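Right, one structure below, let's go through it.
Along the sequence shown, residues are numbered consecutively beginning with 1. It should be emphasised that the depicted structure is a prediction, and the values quoted were computed from it without experimental measurement.
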Amino acid sequence: MNEVYVGLYILVLAVFIGIEVISKVPAVLHTPLMSGTNAVHGIILIGAFLVLGESDPGTDTLQFVVSAIAVVMATLNVVGGFVVTDRMLQMFKKKSGPQKA
């Protein structure tokens, strides 16, 4: 039971530190940093898949549910990061239109 409290304590601290760090990032840097962290989100997705594969829905229902939620959330995070990166790159493409003579 003590391990649960330690994990919960680390989670709460990570949330507060994450909010504090993200709130200090200027808006100009937010999109490039988000696209750069897609690799980290991919690693989180692989870890969530590994935990989900090891869990048994019959005996470890909580572990199975939490790891399934982690897979969904990590997938949304990776896809969202790629969508934002694609939109950011579209801003730098030249628009095709009528050419001036």
Using a 3.5 Å cut-off and no angle test, enumerate the donor-acceptor pairs between side-chain atoms of residues 15-29 and protein atoms at least two apart in sequence or in another chain.
unit_1, atom_1, unit_2, atom_2, d
E20, OE2, K24, NZ, 3.2
S23, OG, I19, O, 3.2
S23, OG, E20, O, 2.9

Exercise. Do you know which two heavy atoms are closest between V78 and G42, and how far apart they sit?
Worked result: CG2-N, 3.8 Å
Exercise. Tell me the salt bridge (Lys or Arg N to Asp or Glu O under 4.0 Å) pairs involving residues 71-82, sequence neighbours left out?
Worked result: none
For this session: Give me the other members of the hydrophobic cluster that V51 sits in, counting Ile, Leu, Val, Met, Phe, Trp and Tyr linked by side-chain heavy atoms under 4.5 Å, directly or via other members.
Result: none
For this session: With side chain to side chain contact (heavy atoms under 4.5 Å, CB included) as the test, would you mind laying out the steps for T59 and D56 before giving the verdict?
Result: CA-CA 6 Å; T59 57; D56 182 22; 3.2 Å; yes
Seminar exercise, completed: For I46, the other hydrophobic cluster members (4.5 Å side-chain criterion, sorted by chain and number) are L50
For this session: Find the distance between CG (L45) and CG (L76) and round it off to the nearest 0.5 Å.
Result: 10.0 Å
Problem set entry | salt bridge (Lys or Arg N to Asp or Glu O under 4.0 Å): pairs with one or both residues in residues 71-92, sequence neighbours excluded | none
Check: residues 60-73 side-chain donor-acceptor pairs under 3.5 Å, at least two apart:
unit_1, atom_1, unit_2, atom_2, d
T61, OG1, P57, O, 3.2
S67, OG, Q63, O, 2.8
S67, OG, F64, O, 3.0

